Amino acid sequence: MLTIVLPTGRVLKDALSLMEKTGIPVEKINDRGRKLIVNEGNFRFIFAKPMDVPLHISHGTADIGFVGSDIMKELNVPLVELVDTGRGKCRMVVAGPPELEPRFSGHESGLMWLTVATKYPNIADRHFSSLGVQVQILNLHGSIELAPVIGLSDCILDIVQTGRTLKANNLKILDNVIPVSLYLAANKKSSQFKWQEISNIVHKIKEIKEGEDLEQDI
Amino acid sequence: MSRLPKGCSNVCGDLAYQMHVCRSRFLSSFSQFGYRLFWPSGLQLIETAWEKLPVNVRNRLLTFTTPFAEPCCLRTDITLAAVAYMSSHFSPEERPLRLSYADKVYLTPQKPETSLERFQIGAELLGWEEEGADVEMLFLLLKYLENIRITDAVIVIGDVTILQNLLEKVPSILSKRIVNSLISGNYPEYSRALKDLQGKNVNMEFMKALPDLKGNSDILGIAEKILGDDTLLKPTQRIYDSLKALGYENQVCIDLALARELDYYSGPVFEIYLPSCGKPVGGGGRYDGLLSQYGIIGQAMGFALDLEVIASVAEASNPTETALVWSGNLSAESAFKRTLPIVEKGFKVEMSWVKDKDLSLALSRQKKVPYWVDLSEKKVIRLNCDKTLSFEEWLGEETC
């Protein structure tokens, strides 16, 4: 029995389509209603908020799980990163009003004491620290784009997929932080003792990804 | 209400007793094989620890300056203290030296951990020259776990020298990147690093297969086929064969990609897992390189276990039942004289000095002890069924 923790929300669709392609049964998941645990065949599926997925894996309540690389980097809990699925691709960026652009294109000292609103305070801290810059970080839990518009912060650090929300709020990308995508990760103990089952899934995902990359190249 | 600093905890009651038993059995079982008890100082000078600790551990030290103006940290690791002690207190003729310990270590926790302090039990075997010592340590470890009735622990064994040898001619930045990706369990990064390894005269087939080389002893056969030679695999094979011959075949697994956080390891390494715990409960390995940093030529091996986790799953506690013993109208000395036969029979007792019989009886129910003893009347009530027995009946009938 392999326990898989799945993130609720918009990445669930990506995870399910990938699982289906790897041959993991997903029929009962689609009919689960409000159930948070679903058993199907040799699998148990747990549904959790994306931010909680790494904790389930790290504690061993799940053997493997699908988790965004943004969340892994933010929480930084010990787990085994198995494979980048290539799904749910987006970017983590610093964005702000166009007036801020000269400060980001000049010397780093121009960034000193900016106020940065973000859902990812640890990544923001590491990113600006790596530039040798001290900033004030505001930890918000949603509607991040609002912060610079209403004067709560100078800029934001957030993930961007299409950039439409930024554009709608008259914000520009000022700096790229990290690429983000959906990863398959495992509990350390499970990666030892259930490696055969886990590695079958990993290899299938790699094959699917390579096939898709090849299609794109063609 | 008073509280402890965040990240600290008190342990009391059953778990504390269990920890005490597990700790005592650990120290006594290792002392039977010549391991001397070692009580290291709780503090280390930063200047002595700094160079020997990896960056991610340095960043988590709990530091302060002593009243003597010396920058110090709370001990993060007992191995360092043991090696330093050995290098300065024993002559080469006295080696090998065997040490065992049971003490606390301190480190800023990494998420999702919250504890600043951990109670470790461990052993170190320092300064030997021939084969056998690594098996000694693993055998004693498994024997100890058996002794506290943990028979389902599994030791995962790897060998960091395999990778060190294969990457010998690779630029150190790249080899560190590869090793770090395995330590942090970041396989996508490992795959990316392998792409940079192309054309560097390294057995790429083995490197690509490495994350998959985990499981039972068949793995060593597969690895040998890819390497075309068993030289690098011999230490792991030897340990596995010895533990198998000692009857622990089902408790040993191989992971050739196993790498541990502390970078002073330089040979076979291992981690210990329990079915009930999602992460390793301990680990260790060979650290000859660390020994040489202290000017000692020879081999060294050690391990540590998390005592609290081990104690929480061990069946080491004495299942002795407790009796609440009411002194009644007896004097203290008479009460003790009448209590001794109960203790000698194997019961744990808790004295109740209150004068009110009903209060004492109520207390025994509140404490959920199985027996309430009236010393003056020489009567016993078995509380789960309210059956009253005479002293003689009880001591004759009940065994612990």
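Because the structure is predicted, anything quoted here is derived from the model rather than measured. Numbered from 1 within each chain, the chains take letters A, B, ... in sequence-line order. Below, each value reflects all heavy atoms present in this structure, side chains not excepted, and no hydrogens, waters or symmetry copies.
Both the backbone and the side chain of A:Val77 come within less than 4.5 Å of a heavy atom of chain B. Within the 4.5 angstrom heavy-atom criterion, only backbone atoms of A:Asn76 (N, CA, C, O) approach chain B. Residue B:Glu271 touches chain A through its side chain alone, counting heavy-atom pairs closer than 4.5 Å. Interface residue A:Leu82: backbone and side-chain heavy atoms are both found under 4.5 Å from chain B. Heavy atoms of B:Leu182 lying under 4.5 Å from chain A are absent altogether.
In this structure, the side chain to side chain contact (heavy atoms under 4.5 Å, CB included) partners of B:Arg60, at least two apart in sequence or on a different chain, are B:Leu107, B:Thr108, B:Gln110, B:Glu261.
With rounding to the nearest 0.5 angstrom, the CG atom of B:Leu213 is 10.5 Å from the CH2 atom of A:Trp195. Going from atom OH of B:Tyr187 over to atom OG of A:Ser199 covers 10.5 Å, rounded to the nearest 0.5 Å. The line from CG of A:Leu79 to NZ of B:Lys279 is 13.0 Å long, rounded to the nearest 0.5 Å. Atoms CD1 and CD, from B:Ile254 and A:Gln192 in turn, are 10.5 Å apart once rounded to the nearest 0.5 Å. Going from atom CD of A:Glu81 over to atom OG of B:Ser184 covers 7.0 Å, rounded to the nearest 0.5 Å.
Among the candidates B:Pro280, B:Pro211, B:Ala257, the residue making the largest number of heavy-atom pairs closer than 4.5 Å to chain A is B:Pro211. When each of B:Val156, B:Asn186, B:Leu258, B:Asp212 is scored by its heavy-atom pairs under 4.5 Å with chain A, the top score falls to B:Asp212.
Between the side chain of A:Lys189 and the main chain of B:Leu274, a donor-acceptor pair closer than 3.5 Å is present.
The stretch residues 37-46 of chain A participates, sequence neighbours left out, in no salt bridge (Lys or Arg N to Asp or Glu O under 4.0 Å) pair at all.
Surrounding CG of A:Asn30 are more than 12 heavy atoms belonging to other residues, nucleotides or ligands, all under 6.0 Å away. Environment of NZ in B:Lys176: sparse, with no more than 12 heavy atoms of neighbouring residues, nucleotides or ligands closer than 6.0 Å.
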